[in-house]
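Pasting a structure below so you can have a look.
Side chains included, hydrogens not; waters and symmetry mates left out as well; all remaining heavy atoms used. In each ligand, atom 1 is the first atom listed, and ligand 1 is the first ligand listed.
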Amino acid sequence: MEPLRIGGQQTDSTVGNLMDSGTATAAGKPQSAIPLLDLKREVAELKPQVMQAIESVLDEAAFIMGNQVKQLEQEAAEYLGTKHAIALNSGTDALVIALLAAGIGPGDEVITTPFTFFATAEAISRVGAEPVFAEVDPLTYNLDLDSLEAALTPRTKAVIPVHLFGRPLDMERLMDLASRRGLIVIEDAAQAFGAEAGGRKIGTIGEMGCYSFFPSKNLGAYGDGGLLVTNDSRLAETAAMLRTHGSKRKYYNERVGFNSRLDEIQAAILRVKLPHIEAWNEDRRQAAARYHDLLRDIPGLMLPGAVPDGDKQVFHQYTVRVLNGQRDALQAGLAEAGISSIVYYPLPVHRLPVYADRGLTFPLAERLSQEVLSLPIWPQIEADVQEHIAGHLRRLMG
Ligand SMILES: *Cc1c(COP(=O)(O)O)cnc(C)c1O
(Lines give C-alpha, C1' and ligand atoms only; values in the text may rest on other atoms or scores of the structure.)
Protein backbone atom coordinates (compact mmCIF):
# COMPACT_ATOMS: atom_id res chain seq x y z
CA MET A 1 0.00 0.00 0.00
CA GLU A 2 1.22 3.47 -0.92
CA PRO A 3 2.09 5.78 1.94
CA LEU A 4 -0.54 8.39 2.69
CA ARG A 5 0.47 11.75 1.26
CA ILE A 6 -1.65 14.82 1.12
CA GLY A 7 0.52 17.80 0.42
CA GLY A 8 2.13 18.12 -2.97
CA GLN A 9 0.28 15.26 -4.60
CA GLN A 10 -3.05 13.58 -4.83
CA THR A 11 -4.24 11.38 -2.05
CA ASP A 12 -4.43 7.76 -3.06
CA SER A 13 -7.96 6.51 -3.42
CA THR A 14 -6.85 2.98 -2.58
CA VAL A 15 -6.43 4.14 1.01
CA GLY A 16 -9.73 5.98 0.95
CA ASN A 17 -11.12 3.82 3.74
CA LEU A 18 -8.35 4.97 6.05
CA MET A 19 -8.93 8.61 5.50
CA ASP A 20 -11.20 11.37 4.42
CA SER A 21 -10.01 11.26 0.84
CA GLY A 22 -13.10 11.49 -1.36
CA THR A 23 -12.45 10.78 -5.04
CA ALA A 24 -9.14 12.15 -6.19
CA THR A 25 -8.92 13.57 -9.70
CA ALA A 26 -5.81 12.23 -11.21
CA ALA A 27 -5.56 8.72 -9.78
CA GLY A 28 -2.91 6.92 -11.77
CA LYS A 29 -1.96 10.06 -13.69
CA PRO A 30 1.18 12.14 -13.25
CA GLN A 31 1.34 14.42 -10.27
CA SER A 32 -0.87 17.49 -10.63
CA ALA A 33 0.83 20.85 -10.71
CA ILE A 34 -1.66 22.39 -8.29
CA PRO A 35 -2.44 20.19 -5.30
CA LEU A 36 -5.60 20.33 -3.23
CA LEU A 37 -3.62 21.28 -0.17
CA ASP A 38 0.01 22.34 -0.11
CA LEU A 39 1.27 20.86 3.14
CA LYS A 40 4.88 20.86 1.96
CA ARG A 41 5.00 24.60 2.18
CA GLU A 42 3.61 24.66 5.71
CA VAL A 43 6.09 22.01 6.79
CA ALA A 44 8.97 23.98 5.28
CA GLU A 45 7.92 27.12 7.16
CA LEU A 46 7.45 25.41 10.51
CA LYS A 47 10.28 22.91 10.29
CA PRO A 48 12.76 24.61 12.64
CA GLN A 49 10.16 24.98 15.42
CA VAL A 50 8.73 21.51 14.81
CA MET A 51 12.18 19.90 14.93
CA GLN A 52 12.90 21.72 18.16
CA ALA A 53 9.59 20.53 19.64
CA ILE A 54 10.33 16.93 18.66
CA GLU A 55 13.82 17.21 20.07
CA SER A 56 12.50 18.42 23.42
CA VAL A 57 10.26 15.35 23.62
CA LEU A 58 13.24 13.13 22.85
CA ASP A 59 15.28 14.89 25.54
CA GLU A 60 12.52 14.31 28.08
CA ALA A 61 12.16 10.72 26.85
CA ALA A 62 8.54 10.73 28.01
CA PHE A 63 6.46 9.67 25.05
CA ILE A 64 2.97 8.98 26.37
CA MET A 65 0.74 11.13 28.60
CA GLY A 66 3.42 13.59 29.60
CA ASN A 67 3.64 17.34 29.74
CA GLN A 68 3.07 18.02 26.05
CA VAL A 69 -0.36 16.40 26.07
CA LYS A 70 -1.32 18.17 29.30
CA GLN A 71 -0.25 21.53 27.97
CA LEU A 72 -1.90 21.00 24.59
CA GLU A 73 -5.15 20.15 26.40
CA GLN A 74 -4.90 23.33 28.49
CA GLU A 75 -4.00 25.52 25.54
CA ALA A 76 -6.71 24.06 23.31
CA ALA A 77 -9.33 24.43 26.07
CA GLU A 78 -8.32 28.05 26.56
CA TYR A 79 -8.35 28.82 22.84
CA LEU A 80 -11.73 27.15 22.32
CA GLY A 81 -13.26 28.52 25.50
CA THR A 82 -14.19 25.23 27.14
CA LYS A 83 -13.53 23.71 30.55
CA HIS A 84 -12.16 20.34 29.51
CA ALA A 85 -10.19 19.12 26.51
CA ILE A 86 -9.13 15.48 26.20
CA ALA A 87 -6.53 14.64 23.58
CA LEU A 88 -7.17 11.36 21.76
CA ASN A 89 -5.91 9.14 19.01
CA SER A 90 -8.27 10.42 16.30
CA GLY A 91 -11.43 12.33 15.57
CA THR A 92 -13.20 9.02 15.05
CA ASP A 93 -12.27 7.90 18.56
CA ALA A 94 -13.45 11.26 19.89
CA LEU A 95 -16.91 10.55 18.42
CA VAL A 96 -17.01 6.97 19.73
CA ILE A 97 -15.85 8.00 23.19
CA ALA A 98 -18.29 10.94 23.30
CA LEU A 99 -21.19 8.60 22.49
CA LEU A 100 -20.12 6.10 25.16
CA ALA A 101 -19.57 8.86 27.74
CA ALA A 102 -23.12 10.03 27.03
CA GLY A 103 -24.35 6.51 27.76
CA ILE A 104 -25.50 5.82 24.20
CA GLY A 105 -25.64 2.23 23.00
CA PRO A 106 -27.89 -0.55 21.70
CA GLY A 107 -31.53 0.47 21.37
CA ASP A 108 -30.74 4.16 20.99
CA GLU A 109 -31.10 6.19 17.83
CA VAL A 110 -28.72 9.00 16.93
CA ILE A 111 -29.58 11.39 14.12
CA THR A 112 -26.90 12.69 11.80
CA THR A 113 -26.36 13.89 8.26
CA PRO A 114 -25.93 11.54 5.31
CA PHE A 115 -23.61 14.09 3.69
CA THR A 116 -20.44 13.67 5.73
CA PHE A 117 -17.37 11.50 6.03
CA PHE A 118 -18.33 7.95 7.00
CA ALA A 119 -16.68 8.21 10.44
CA THR A 120 -19.63 10.22 11.80
CA ALA A 121 -22.12 7.41 11.21
CA GLU A 122 -19.54 4.71 11.81
CA ALA A 123 -19.07 5.93 15.39
CA ILE A 124 -22.81 5.56 16.02
CA SER A 125 -22.83 2.02 14.64
CA ARG A 126 -19.61 1.21 16.50
CA VAL A 127 -21.28 1.80 19.91
CA GLY A 128 -24.22 -0.39 18.88
CA ALA A 129 -26.69 2.46 18.41
CA GLU A 130 -28.71 3.11 15.26
CA PRO A 131 -27.61 5.89 12.91
CA VAL A 132 -30.69 7.70 11.62
CA PHE A 133 -30.23 10.11 8.75
CA ALA A 134 -32.08 13.29 7.90
CA GLU A 135 -32.03 15.45 4.78
CA VAL A 136 -29.51 18.22 4.17
CA ASP A 137 -29.79 21.88 3.26
CA PRO A 138 -28.53 22.30 -0.33
CA LEU A 139 -27.20 25.81 0.37
CA THR A 140 -25.18 25.10 3.52
CA TYR A 141 -24.63 21.35 2.89
CA ASN A 142 -25.42 20.88 6.62
CA LEU A 143 -28.29 18.99 8.27
CA ASP A 144 -31.70 20.46 7.59
CA LEU A 145 -33.25 21.04 11.01
CA ASP A 146 -36.87 20.57 9.89
CA SER A 147 -35.94 17.21 8.45
CA LEU A 148 -34.05 16.41 11.65
CA GLU A 149 -37.12 17.20 13.74
CA ALA A 150 -39.26 14.99 11.51
CA ALA A 151 -36.82 12.09 12.07
CA LEU A 152 -37.15 12.14 15.88
CA THR A 153 -38.66 9.10 17.57
CA PRO A 154 -39.03 8.16 21.25
CA ARG A 155 -35.73 6.27 20.87
CA THR A 156 -33.76 9.29 19.66
CA LYS A 157 -31.12 10.03 22.29
CA ALA A 158 -28.65 12.28 20.54
CA VAL A 159 -27.84 14.31 17.47
CA ILE A 160 -24.46 14.60 15.77
CA PRO A 161 -24.41 17.76 13.68
CA VAL A 162 -21.45 18.05 11.30
CA HIS A 163 -20.14 21.51 10.50
CA LEU A 164 -19.32 20.44 6.97
CA PHE A 165 -16.35 22.00 5.19
CA GLY A 166 -15.93 24.32 8.19
CA ARG A 167 -19.32 25.99 7.90
CA PRO A 168 -21.19 26.33 11.22
CA LEU A 169 -24.60 24.74 11.45
CA ASP A 170 -27.33 26.90 13.03
CA MET A 171 -26.44 25.90 16.60
CA GLU A 172 -28.86 28.30 18.28
CA ARG A 173 -31.80 26.64 16.61
CA LEU A 174 -30.40 23.15 17.12
CA MET A 175 -29.72 23.70 20.85
CA ASP A 176 -33.24 25.07 21.26
CA LEU A 177 -34.70 22.01 19.55
CA ALA A 178 -32.43 19.71 21.59
CA SER A 179 -33.45 21.21 24.92
CA ARG A 180 -37.16 21.03 23.99
CA ARG A 181 -36.81 17.37 23.00
CA GLY A 182 -34.25 16.27 25.59
CA LEU A 183 -31.52 15.38 23.11
CA ILE A 184 -27.77 15.24 23.68
CA VAL A 185 -25.80 17.20 21.09
CA ILE A 186 -22.36 15.90 20.11
CA GLU A 187 -20.77 18.23 17.59
CA ASP A 188 -18.63 16.72 14.85
CA ALA A 189 -16.28 19.67 14.47
CA ALA A 190 -13.58 17.65 12.68
CA GLN A 191 -13.62 20.12 9.79
CA ALA A 192 -14.31 23.23 11.84
CA PHE A 193 -11.53 23.86 14.36
CA GLY A 194 -11.72 27.59 15.09
CA ALA A 195 -15.09 28.22 13.41
CA GLU A 196 -17.61 30.29 15.39
CA ALA A 197 -21.35 30.62 15.80
CA GLY A 198 -22.76 33.55 17.74
CA GLY A 199 -19.31 34.43 19.07
CA ARG A 200 -18.66 30.92 20.47
CA LYS A 201 -16.29 28.37 19.05
CA ILE A 202 -17.92 25.55 17.14
CA GLY A 203 -17.55 22.30 19.11
CA THR A 204 -18.11 23.99 22.48
CA ILE A 205 -21.84 24.64 22.15
CA GLY A 206 -23.25 21.12 22.37
CA GLU A 207 -22.68 18.80 25.36
CA MET A 208 -19.50 17.58 23.69
CA GLY A 209 -17.44 18.52 20.65
CA CYS A 210 -15.11 16.31 18.62
CA TYR A 211 -12.17 17.50 16.53
CA SER A 212 -9.75 15.67 14.26
CA PHE A 213 -6.06 16.42 13.93
CA PHE A 214 -5.76 14.35 10.74
CA PRO A 215 -2.96 16.05 8.75
CA SER A 216 -5.27 17.63 6.16
CA LYS A 217 -7.62 19.22 8.71
CA ASN A 218 -7.35 22.96 9.49
CA LEU A 219 -5.34 22.13 12.61
CA GLY A 220 -3.52 18.96 11.60
CA ALA A 221 -0.92 16.88 13.37
CA TYR A 222 1.83 15.07 11.44
CA GLY A 223 0.02 11.82 12.09
CA ASP A 224 -3.35 10.88 13.57
CA GLY A 225 -4.91 12.72 16.49
CA GLY A 226 -8.18 14.01 17.88
CA LEU A 227 -9.73 16.01 20.70
CA LEU A 228 -12.91 15.84 22.72
CA VAL A 229 -14.13 18.95 24.55
CA THR A 230 -16.88 19.51 27.09
CA ASN A 231 -17.89 21.83 29.91
CA ASP A 232 -19.30 18.89 31.87
CA SER A 233 -16.82 17.53 34.43
CA ARG A 234 -18.54 14.15 34.64
CA LEU A 235 -18.43 13.60 30.89
CA ALA A 236 -14.80 14.72 30.84
CA GLU A 237 -13.88 12.27 33.57
CA THR A 238 -15.60 9.39 31.78
CA ALA A 239 -13.99 10.28 28.44
CA ALA A 240 -10.52 10.47 30.02
CA MET A 241 -11.11 7.13 31.67
CA LEU A 242 -12.27 5.49 28.43
CA ARG A 243 -9.13 6.83 26.73
CA THR A 244 -6.91 4.74 28.99
CA HIS A 245 -8.50 1.29 29.19
CA GLY A 246 -11.38 2.41 31.39
CA SER A 247 -9.17 3.24 34.33
CA LYS A 248 -8.85 6.40 36.39
CA ARG A 249 -6.15 4.79 38.46
CA LYS A 250 -3.52 2.72 36.68
CA TYR A 251 -4.24 -1.03 36.90
CA TYR A 252 -7.69 -0.49 38.50
CA ASN A 253 -9.80 -0.81 35.38
CA GLU A 254 -13.47 -0.02 35.95
CA ARG A 255 -14.90 -0.65 32.51
CA VAL A 256 -13.90 -1.72 29.01
CA GLY A 257 -12.27 1.23 27.28
CA PHE A 258 -9.64 1.95 24.66
CA ASN A 259 -6.04 2.78 24.14
CA SER A 260 -6.75 6.13 22.50
CA ARG A 261 -3.98 8.38 23.73
CA LEU A 262 -2.43 11.14 21.66
CA ASP A 263 1.34 10.75 21.76
CA GLU A 264 3.72 13.40 23.07
CA ILE A 265 5.41 14.06 19.73
CA GLN A 266 2.09 14.85 18.03
CA ALA A 267 1.05 17.00 20.98
CA ALA A 268 4.32 18.94 20.78
CA ILE A 269 3.82 19.50 17.02
CA LEU A 270 0.23 20.62 17.58
CA ARG A 271 1.44 23.10 20.22
CA VAL A 272 3.67 24.68 17.58
CA LYS A 273 0.71 24.97 15.22
CA LEU A 274 -2.11 26.02 17.56
CA PRO A 275 -0.95 29.66 17.91
CA HIS A 276 -1.25 30.02 14.11
CA ILE A 277 -4.75 28.63 13.67
CA GLU A 278 -6.63 31.91 14.02
CA ALA A 279 -4.47 33.58 11.32
CA TRP A 280 -4.58 30.50 9.08
CA ASN A 281 -8.36 30.40 9.26
CA GLU A 282 -8.50 34.11 8.44
CA ASP A 283 -6.22 33.45 5.44
CA ARG A 284 -8.59 30.69 4.31
CA ARG A 285 -11.52 33.13 4.55
CA GLN A 286 -9.59 35.61 2.41
CA ALA A 287 -8.77 32.92 -0.14
CA ALA A 288 -12.48 32.01 -0.23
CA ALA A 289 -13.44 35.66 -0.73
CA ARG A 290 -10.99 35.81 -3.63
CA TYR A 291 -12.52 32.70 -5.23
CA HIS A 292 -15.93 34.29 -4.76
CA ASP A 293 -14.90 37.41 -6.67
CA LEU A 294 -13.23 35.38 -9.40
CA LEU A 295 -16.06 32.88 -9.92
CA ARG A 296 -19.26 34.74 -9.05
CA ASP A 297 -20.34 35.51 -12.62
CA ILE A 298 -19.74 32.05 -14.09
CA PRO A 299 -23.18 30.63 -15.01
CA GLY A 300 -23.85 27.15 -13.67
CA LEU A 301 -21.50 27.39 -10.68
CA MET A 302 -23.08 27.80 -7.26
CA LEU A 303 -20.60 29.20 -4.74
CA PRO A 304 -20.61 28.89 -0.94
CA GLY A 305 -22.93 31.53 0.49
CA ALA A 306 -22.25 34.01 3.27
CA VAL A 307 -22.78 32.94 6.89
CA PRO A 308 -25.02 34.91 9.28
CA ASP A 309 -23.48 37.91 11.06
CA GLY A 310 -21.46 36.79 14.05
CA ASP A 311 -20.64 33.40 12.53
CA LYS A 312 -17.24 32.52 11.13
CA GLN A 313 -16.64 29.68 8.71
CA VAL A 314 -13.16 28.27 8.30
CA PHE A 315 -13.27 26.86 4.73
CA HIS A 316 -11.79 23.47 5.43
CA GLN A 317 -12.91 23.07 1.82
CA TYR A 318 -14.02 25.56 -0.80
CA THR A 319 -16.81 23.56 -2.39
CA VAL A 320 -18.85 24.66 -5.37
CA ARG A 321 -21.92 23.05 -6.93
CA VAL A 322 -21.81 22.41 -10.67
CA LEU A 323 -25.40 22.86 -11.84
CA ASN A 324 -25.07 21.96 -15.53
CA GLY A 325 -24.83 18.20 -14.94
CA GLN A 326 -21.20 18.18 -16.15
CA ARG A 327 -19.35 17.99 -12.84
CA ASP A 328 -17.26 14.95 -13.79
CA ALA A 329 -16.30 16.46 -17.15
CA LEU A 330 -15.31 19.66 -15.40
CA GLN A 331 -13.17 17.74 -12.95
CA ALA A 332 -11.50 15.85 -15.81
CA GLY A 333 -10.85 19.12 -17.64
CA LEU A 334 -9.25 20.63 -14.56
CA ALA A 335 -7.10 17.52 -14.14
CA GLU A 336 -5.93 17.86 -17.74
CA ALA A 337 -4.88 21.41 -16.93
CA GLY A 338 -2.91 20.12 -13.93
CA ILE A 339 -5.43 21.36 -11.35
CA SER A 340 -6.46 19.00 -8.56
CA SER A 341 -10.02 18.94 -7.34
CA ILE A 342 -11.93 16.42 -5.30
CA VAL A 343 -15.46 15.17 -4.72
CA TYR A 344 -16.39 15.20 -1.06
CA TYR A 345 -18.44 12.94 -1.04
CA PRO A 346 -19.08 10.79 -4.09
CA LEU A 347 -21.67 8.70 -2.22
CA PRO A 348 -23.82 9.95 0.64
CA VAL A 349 -23.42 7.80 3.74
CA HIS A 350 -26.83 6.09 3.43
CA ARG A 351 -25.78 4.84 -0.03
CA LEU A 352 -22.42 3.41 1.06
CA PRO A 353 -22.26 -0.39 0.77
CA VAL A 354 -22.34 -0.70 4.57
CA TYR A 355 -25.80 0.91 4.85
CA ALA A 356 -27.15 0.45 1.29
CA ASP A 357 -29.39 -2.48 2.22
CA ARG A 358 -31.60 -0.11 4.19
CA GLY A 359 -32.84 1.30 0.91
CA LEU A 360 -32.89 4.85 2.23
CA THR A 361 -33.15 7.84 -0.04
CA PHE A 362 -32.34 11.50 0.56
CA PRO A 363 -32.66 13.27 -2.79
CA LEU A 364 -30.87 16.46 -1.80
CA ALA A 365 -27.87 14.67 -0.32
CA GLU A 366 -27.75 12.44 -3.42
CA ARG A 367 -27.91 15.47 -5.67
CA LEU A 368 -25.06 17.15 -3.80
CA SER A 369 -22.93 14.05 -4.31
CA GLN A 370 -23.43 14.49 -8.06
CA GLU A 371 -22.80 18.24 -8.10
CA VAL A 372 -20.16 19.21 -5.55
CA LEU A 373 -16.53 19.85 -6.33
CA SER A 374 -13.92 21.04 -3.85
CA LEU A 375 -11.20 23.32 -5.23
CA PRO A 376 -7.61 23.73 -4.01
CA ILE A 377 -7.43 25.79 -0.83
CA TRP A 378 -4.87 26.30 1.90
CA PRO A 379 -4.01 29.34 4.01
CA GLN A 380 -1.08 30.55 1.89
CA ILE A 381 -2.59 29.88 -1.56
CA GLU A 382 -1.45 32.68 -3.85
CA ALA A 383 -3.82 34.97 -5.73
CA ASP A 384 -2.26 34.07 -9.09
CA VAL A 385 -2.82 30.36 -8.44
CA GLN A 386 -6.49 31.08 -7.76
CA GLU A 387 -6.70 33.27 -10.87
CA HIS A 388 -5.19 30.46 -12.93
CA ILE A 389 -7.76 27.98 -11.52
CA ALA A 390 -10.61 30.44 -12.11
CA GLY A 391 -9.48 30.98 -15.71
CA HIS A 392 -9.68 27.27 -16.46
CA LEU A 393 -13.05 26.96 -14.68
CA ARG A 394 -14.43 29.79 -16.80
CA ARG A 395 -13.11 28.19 -20.01
CA LEU A 396 -14.43 24.74 -19.10
CA MET A 397 -17.87 26.01 -18.05
CA GLY A 398 -18.12 27.45 -21.57
C1 LIG B 1 -11.91 13.67 9.40
C2 LIG B 1 -13.28 13.50 9.88
C3 LIG B 1 -13.60 12.61 10.92
C4 LIG B 1 -12.64 11.61 11.46
O5 LIG B 1 -11.47 12.12 11.98
P6 LIG B 1 -10.16 11.16 12.05
O7 LIG B 1 -9.21 11.97 12.87
O8 LIG B 1 -9.69 10.97 10.65
O9 LIG B 1 -10.55 9.92 12.72
C10 LIG B 1 -14.90 12.60 11.39
N11 LIG B 1 -15.84 13.39 10.86
C12 LIG B 1 -15.57 14.24 9.85
C13 LIG B 1 -16.67 15.11 9.32
C14 LIG B 1 -14.29 14.32 9.32
O15 LIG B 1 -14.06 15.15 8.30
Side-chain angles (χ1 to χ4, degrees), residues 4 6 11 15-23 36-37 39 72 76 85-99 110-127 131 133 136 140-143 158-169 185-195 202-203 206 208-229 243 258-263 266-267 269-270 273 313-319 342-349 352 354 365 368-369 372 374 377:
L4 198 61
I6 294 155
T11 51
V15 291
N17 61 334
L18 294 180
M19 55 166 299
D20 192 0
S21 76
T23 299
L36 280 165
L37 166 64
L39 267 185
L72 173 69
I86 295 128
L88 300 166
N89 232 319
S90 68
T92 306
D93 277 10
L95 290 164
V96 171
I97 288 175
L99 286 160
V110 179
I111 303 182
T112 193
T113 168
F115 198 56
T116 178
F117 179 51
F118 172 55
T120 317
E122 184 185 33
I124 300 167
S125 292
R126 170 51 59 219
V127 303
F133 301 105
V136 297
T140 66
Y141 313 147
N142 283 330
L143 259 179
V159 179
I160 305 187
V162 179
H163 307 278
L164 199 72
F165 307 146
R167 184 189 174 107
L169 178 123
V185 175
I186 297 169
E187 293 180 73
D188 182 341
Q191 302 184 3
F193 195 98
I202 284 302
M208 284 175 275
C210 301
Y211 305 89
S212 165
F213 298 137
F214 186 82
S216 66
K217 301 290 161 88
N218 288 34
L219 180 65
Y222 295 160
D224 273 310
L227 188 76
L228 186 158
V229 301
R243 164 176 65 182
F258 302 86
N259 173 358
S260 184
R261 300 171 295 232
L262 182 74
D263 68 74
Q266 295 305 334
I269 293 167
L270 286 161
K273 296 183 71 174
Q313 53 184 331
V314 293
F315 291 100
H316 174 60
Q317 300 296 332
Y318 187 85
T319 305
I342 194 162
V343 175
Y344 288 126
Y345 296 91
L347 276 180
V349 179
L352 293 174
V354 51
L368 285 180
S369 289
V372 289
S374 295
I377 190 164

Ligand 1 versus T92, non-hydrogen atoms closer than 4.0 Å: side chain, backbone, both, neither?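 Both the backbone and the side chain of T92 come within reach of ligand 1.
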Test applied, ring pair (Phe, Tyr, Trp, His ring centres under 6.0 Å); reference residue, F193; option that passes from F315, Y211, F214: Y211
For G225, atoms of ligand 1 separated by under 4.0 Å from a heavy atom: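 Within the 4.0 Å cut-off of G225, ligand 1 contributes 7 (O).
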Would you mind listing which atoms of ligand 1 come within a distance below 4.0 Å of any non-hydrogen atom of A119? 4 (C), 10 (C)
Return a yes/no value for S212: is any of its N or O atoms, backbone included, closer than 3.5 angstrom to an N or O of ligand 1? yes
Could a heavy atom of K217 be found less than 4.0 Å from some atom of ligand 1?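 The answer is yes: ligand 1 sits under 4.0 Å from a heavy atom of K217.
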Validation row: I160, I111 side chains within 4.5 angstrom (heavy atoms): no
Numbered atoms and elements of ligand 1 in range of T116, under 4.0 angstrom, heavy atoms: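 In order of number, 13 (C).
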Do Y141 and F165 make the cut of ring centroids closer than 6.0 angstrom? yes
Within the structure provided, determine whether R261 and R243 are in side-chain contact (heavy-atom separation under 4.5 Å).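 Touching, per the 4.5 Å side-chain cut-off.
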Is the closest side-chain heavy-atom distance between T120 and T113 below 4.5 Å?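 The answer is no, as the side chains (C-beta and beyond) never meet within the 4.5 Å cut-off.
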Counting from 1, what ligand 1 atoms have a heavy atom of T120 closer than 4.0 Å?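 In order of number, 11 (N).
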Taking only heavy atoms of V162 into account, list the atoms of ligand 1 that are under 4.0 Å away from them. 13 (C)
Have a look at D188, L227, D224 and point out the one with the heavy atom closest to atom 10 (C) of ligand 1.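 Minimum heavy-atom distance to atom 10 (C) of ligand 1 goes to D188.
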Would G91 count as being in polar contact with ligand 1, using the rule that some N or O on each side must be under 3.5 angstrom apart? yes
Residue S90 vicinity, atoms of ligand 1 by number, heavy atom under 4.0 Å: 7 (O), 9 (O)
Before you tell me yes or no, could you show the steps for T319 and S374 under side chain to side chain donor-acceptor pair (under 3.5 Å), namely the whole-Å CA-CA distance, both residues' side-chain angles and the distance that decides it to 0.1 Å? CA-CA 4 Å; T319 305; S374 295; 2.8 Å; yes
Given V162, which of D188, L169, V136, L143 fulfils the side chain to side chain contact (heavy atoms under 4.5 Å, CB included) condition?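 Single pass found, and it is D188.
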Is E187 close to C210 at the side-chain level, that is, under 4.5 Å between some pair of heavy atoms?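 SC-SC contact between C210 and E187 ruled out.
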